[in-house]
Protein chains: 2
Amino acid sequence: MTMSELDERSKKILWATIKSYIDLKSPIGSEVVTKRFSFGLSPATIRNTMADLIELGYLSQPHTSAGRVPTEKGYRLYVDALLKEYTLPLDPTFLQQLFNRLHSIEKNINRLIEETSKTLSAFSHYVGVAIPPQPKEITLKRIGFVKHSDSKVLCVLISEEGIVKNKLITLAEVLTQRDLNKITNYLNHEITGLTLNEIKTKILSQMSREKTICDELIAKALRIFKEAITWLPEYNVYTGEISGTYNLPDFATISQIKKLFKAIEYKHFIAKILDKIAESDGVQVFIGSENTIYEMEDFSIVVSTYKDRYIARGTIGIIGPTGMDYEHVIPLVRHTAETLTEILSEG
Amino acid sequence: MTMSELDERSKKILWATIKSYIDLKSPIGSEVVTKRFSFGLSPATIRNTMADLIELGYLSQPHTSAGRVPTEKGYRLYVDALLKEYTLPLDPTFLQQLFNRLHSIEKNINRLIEETSKTLSAFSHYVGVAIPPQPKEITLKRIGFVKHSDSKVLCVLISEEGIVKNKLITLAEVLTQRDLNKITNYLNHEITGLTLNEIKTKILSQMSREKTICDELIAKALRIFKEAITWLPEYNVYTGEISGTYNLPDFATISQIKKLFKAIEYKHFIAKILDKIAESDGVQVFIGSENTIYEMEDFSIVVSTYKDRYIARGTIGIIGPTGMDYEHVIPLVRHTAETLTEILSEG
DNA sequence: CATTAGCACTCTAAAACATGGAGTGCTAAT
DNA sequence: ATTAGCACTCCATGTTTTAGAGTGCTAATG
C-alpha cells in the first residue's frame with residue numbers, strides 16, 4: 001500500500017466503515033463491517049486494513065479498544081466519491097412533495113427562497129439555508145420614485161426576478177413632479193435590462209463623462225440614481241426550522257447546539273461561505289475545518305447554486321454535523337437547486 | 001395565618017426565598033435564608049413558616065429533604081410586588097450604553113426594532129423579542145405607484161413611522177401614466193394622515209356609497225387601493241441573539257432548549273402573546289402556564305408596549321425561564337420601552 | 001406561647017468500586 | 001496473504017458507599 005494511493009480493497013473497506021458510521025453514529029468495529037457487507041473477508045483482515053487506514057489518516061480511534069471513526073480526510077474521500085461517481089436515486093414521492101411545496105408558492109422570489117430553506121430543513125432534518133441572488137447580479141426591470149416629502153423621495157427598484165428594493169433619498173434641491181417624471185423616464189430608458197453590476201460600471205462612468213455637458217436634469221437624475229443603488233449589500237440568509245434538528249445524536253450536546261447557533265446567528269458567516277462558492281456550478285461540500293470559520297469547524301455544509309431566468313445566481317445549502325448523511329443530503333440539495341432553477345426559469 | 005392573606009413576616013420570608021432561588025438557581029434551605037438576610041430569626045422558625053408557605057402553594061419541595069422552590073403562584077406574588085412597589089435603579093453606564101445603541105441607528109423603524117431585540121438579549125442574557133407597530137395602527141403618509149408592466153403596478157405605501165410596504169397589483173384594465181397620476185393624487189388627498197384602520201372603515205364605506213356616482217377613474221382608484229391594503233397581516237417578530245442565552249443553568253437541558261426554539265420559531269405564537277397585551281400600558285409579566293401556549297409553559301415573558309409619535313403601538317419583551325431575574329429584567333424592559341418611545345417621538 | 005436548640009431521620013449527589021462486553025493487536029496456524 | 005484464537009484494554013453500565021444538606025419533630029427557653 002503506497003502512501004499516495006489506496007488500493008481498491010482499502011477504499012471499499014473505508015467506504016463501508018464511513019457508511020456504517022454515518023448510519024449507526026457510533027464507532028465501527030471490524031465485525032460490524034463484515035456483518036453489514038459481504039466482502040468475503042474476516043474481521044481480522046478488516047482490522048489489519050483499518051489499522052493501515054488509521055496510519056494514513058482516513059480513520060481514527062477514540063481509544064485503544066474502540067471501533068473506528070472517520071476523520072475529515074476520510075469524509076473528504078467519501079464525499080468526493082459521492083459527488084463524482086454515485087448518486088442515490090431520490091424517492092419519487094419525495095420528489096413529488098418537493099415539487100408541490102415549491103410550486104405552491106406565489107411567484108415571489110423571497111418567499112420562494114424562504115420556503116426552500118424550510119423544505120431543506122424538513123426533508124433533511126438538518127438546518128437548511130438559502131440566500132436570494134446577490135444584489136449585484138439582479139437585472140433591473142423598472143425604477144420609480146414616490147414623493148415622500150419636499151426634500152425626500154423614495155426610490156423603488158423592481159428587478160426582473162421580482163425583487164423590490166426601496167431606498168429613501170434626501171434631495172439636495174426641490175424637484176417638481178414634472179421633473180421627477182422626466183427623470184424616471186430617462187432612467188428607465190437607459191437602465192432597464194441591465195444588471196446592477198453593469199449599470200454601476202457602464203452608466204456611472206457615462207455619468208462622469210456627461211458631467212460637464214448635457215441637460216442639468218439628467219445630471220441630477222444620475223446623481224440620484226447613484227445614491228439609490230448604493231445600498232448596503234445586505235444578505236438575506238433564510239434558515240429553515242431548527243427545532244427538528246437536534247434529535248440527532250450529533251447535535252446532542254449543549255456545546256454543539258451552542259456552536260450551531262452561533263454559526264447560524266452570525267448570518268454573514270454563512271453568507272460568506274455561500275458567497276465564496278457562488279462562482280462554480282453543481283453541489284459542493286465543505287467538511288469541518290474546511291470551513292475557515294471557527295464556529296463552523298464541527299459542521300459540514302452541502303451547497304449548490306441555482307440560477308434564475310436571467311443571469312443571477314443564488315445559493316442554497318444544508319448545514320449538518322461532519323458525520324451527516326451525505327448520501328441523502330447531496331442528491332437532495334442537488335435536486336432542490338435544480339427544481340428551483342426550473343421554477344425560476346418559467347415565464 | 002389565614003388562607004386569604006399572608007402576614008408580613010411570611011411575605012418577607014417568601015420574598016427572601018424566591019430572591020435567593022433566583023440568585024442561586026437551586027433549592028433554598030432555611031439556613032441559606034438566615035445567612036443571606038438578617039431577619040433575626042433562627043432557621044427553625046424559617047422552616048416552620050416555609051412549611052406554611054408550601055401548604056398555601058407559594059413554595060414547593062423537590063423531595064423531602066431538599067430546600068424549597070418557588071411555585072408559579074409564588075413568582076406571581078414576587079413579580080407583582082416588583083411591578084408595584086419596587087424598582088431596582090438601573091446602572092447609569094448601562095443606561096448610557098442602551099441610549100447609544102439605539103441612537104446609533106438610522107431612523108428606520110424596522111432596523112430600530114431589530115436592534116432593540118438584540119439589545120434586550122445582550123443586556124439580559126435571555127431572549128429579547130420585539131415587534132413593530134401593528135399594520136392596522138400605522139398612519140399613512142403617502143401612496144405611490146410604480147408601473148411594473150402593462151398589466152401590473154407596484155403600489156408603495158409609506159407610513160409616518162417610516163414603514164414602507166410594497167404590493168404588486170394586477171390591473172383589470174390598462175392605465176396610462178396620466179390616469180395613474182390622477183389616481184395617485186386623489187388617493188393621497190383623501191387618505192393621508194389616517195391610520196389604516198380608519199381608512200379601511202371610513203374610505204371603503206365611502207367607496208360603496210360613491211360606487212354608483214362619480215368619476216369612473218375614482219372608482220378604479222378605490223378598487224386598486226382596496227387591493228393594495230389587503231396584505232396579509234404579517235408579523236415581523238425580531239428575536240435577538242440566542243447563543244448567549246443558554247449559559248444559564250435554567251436552559252441547561254436539551255429538552256428545554258428544544259422547547260425554547262419551538263416557541264421562538266413559531267413566531268406567530270409570540271406575536272399572539274405580544275398582541276394580546278398591546279392594549280394596556282406599562283410592563284406586564286406572564287409566568288409559565290399563564291402563557292396559554294404549550295411551548296411557552298416553562299418560560300416567562302416580560303413585555304411592554306412602546307408608542308411612536310402617532311398612535312401606533314409596538315411591543316417588546318424578554319423571554320426567559322420562569323425563574324428568570326425579574327428584578328433586573330423588569331426595569332430593563334420598562335426603560336427600553338421608554339427609550340424607544342422617546343426616540344420615536346423625536347421629530 | 002412563640003421561638004429555637006438539638007437531634008434523628010431522609011434523600012440525593014458524588015465518589016468509589018465491580019462487572020461484562022465490545023473491540024483490539026498479536027501470534028501462530030492455514 | 002489470510003484468519004482463527006486468545007490475551008489484553010478500555011469503557012459503559014450498574015451497584016454500593018459515603019458525606020452532607022436539609023428537614024420535621026420534640027423538648028427546652030425567655
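Chain A is the first sequence line, chain B the second, and so forth, proteins listed ahead of strands; every chain is numbered from 1. Keep in mind the model is a prediction, meaning the values are calculated, not measured.
Side-chain nitrogen and oxygen atoms of A/S65 include none within less than 4.0 Å of the OP1 or OP2 phosphate oxygen of C/dG23. An OP1 or OP2 oxygen of C/dT24 is reached within less than 4.0 angstrom by a side-chain nitrogen or oxygen of A/R68. Proximity of A/R9 to the phosphate of D/dA1: no side-chain N or O atom is located under 4.0 Å from OP1 or OP2. Dashed line: the shortest gap from a side-chain N or O of A/R47 to OP1 or OP2 of D/dA4 is not under 4.0 Å. Not one side-chain nitrogen or oxygen of A/S30 sits closer than 4.0 Å to the OP1 or OP2 atom of C/dG23.
Pair check for C/dG21 finds D/dC10; Watson-Crick or G-U wobble, both atom distances under 3.5 Å. When Watson-Crick and G-U wobble pairs are counted only if both distances are under 3.5 Å, D/dA1 pairs with C/dT30. D/dT29: Watson-Crick or G-U partner is C/dA2, with both key distances under 3.5 Å.
With DNA chain C read from its 5' end, the first of the two nearest nucleotides for B/H63 and B/T45 is the one closest to B/T45.
Protein atom CE of A/M50 is 10 Å distant from nucleotide atom P of C/dG25, rounded to whole Å. In this structure, B/K35 atom NZ and D/dA21 atom P are separated by 9 Å, rounded to whole Å. Distance CD1 (B/I46) to C1' (D/dG22): 14 Å, rounded to an integer number of Å. Counting to the nearest Å, the C1' atom of D/dA1 and the CD1 atom of A/I13 are 13 Å from each other. Rounding to whole angstrom units, CG of residue B/L41 and C1' of C/dA2 are separated by 11 Å. The separation between A/N48 atom CG and C/dA28 atom C1' is 14 Å, rounded to whole Å. Rounding to whole angstrom units, CG of residue B/D7 and P of C/dA2 are separated by 12 Å. Per the geometry, CD belonging to A/E31 stands 14 Å off P belonging to C/dG21, to the nearest Å.
Across all strands, B/Q61 comes closer than 4.0 Å only to sugar-phosphate atoms, never to a base (heavy-atom distances).
For A/T64 against D/dT9, a side-chain-to-base donor-acceptor contact under 3.5 Å is absent.
In summary, the aromatic rings of A/F261 and B/F261 are positioned with their centroids under 6.0 Å apart.
A perpendicular orientation is assigned to the rings of A/Y78 and A/Y326, their planes being inclined by more than 60° (bins at 30° and 60°). Note on ring orientation: taking the six-membered ring where Trp is involved, the planes of A/F123 and A/F94 are perpendicular (angle over 60°, cut-offs 30° and 60°).
Both the sub-6.0 Å distance and the 45° axial angle are satisfied by A/K259 relative to the ring of A/Y294.
Of the inter-residue distances, the one linking B/I46 atom CD1 with B/T17 atom OG1 reads 7.5 Å to the nearest 0.5 angstrom.
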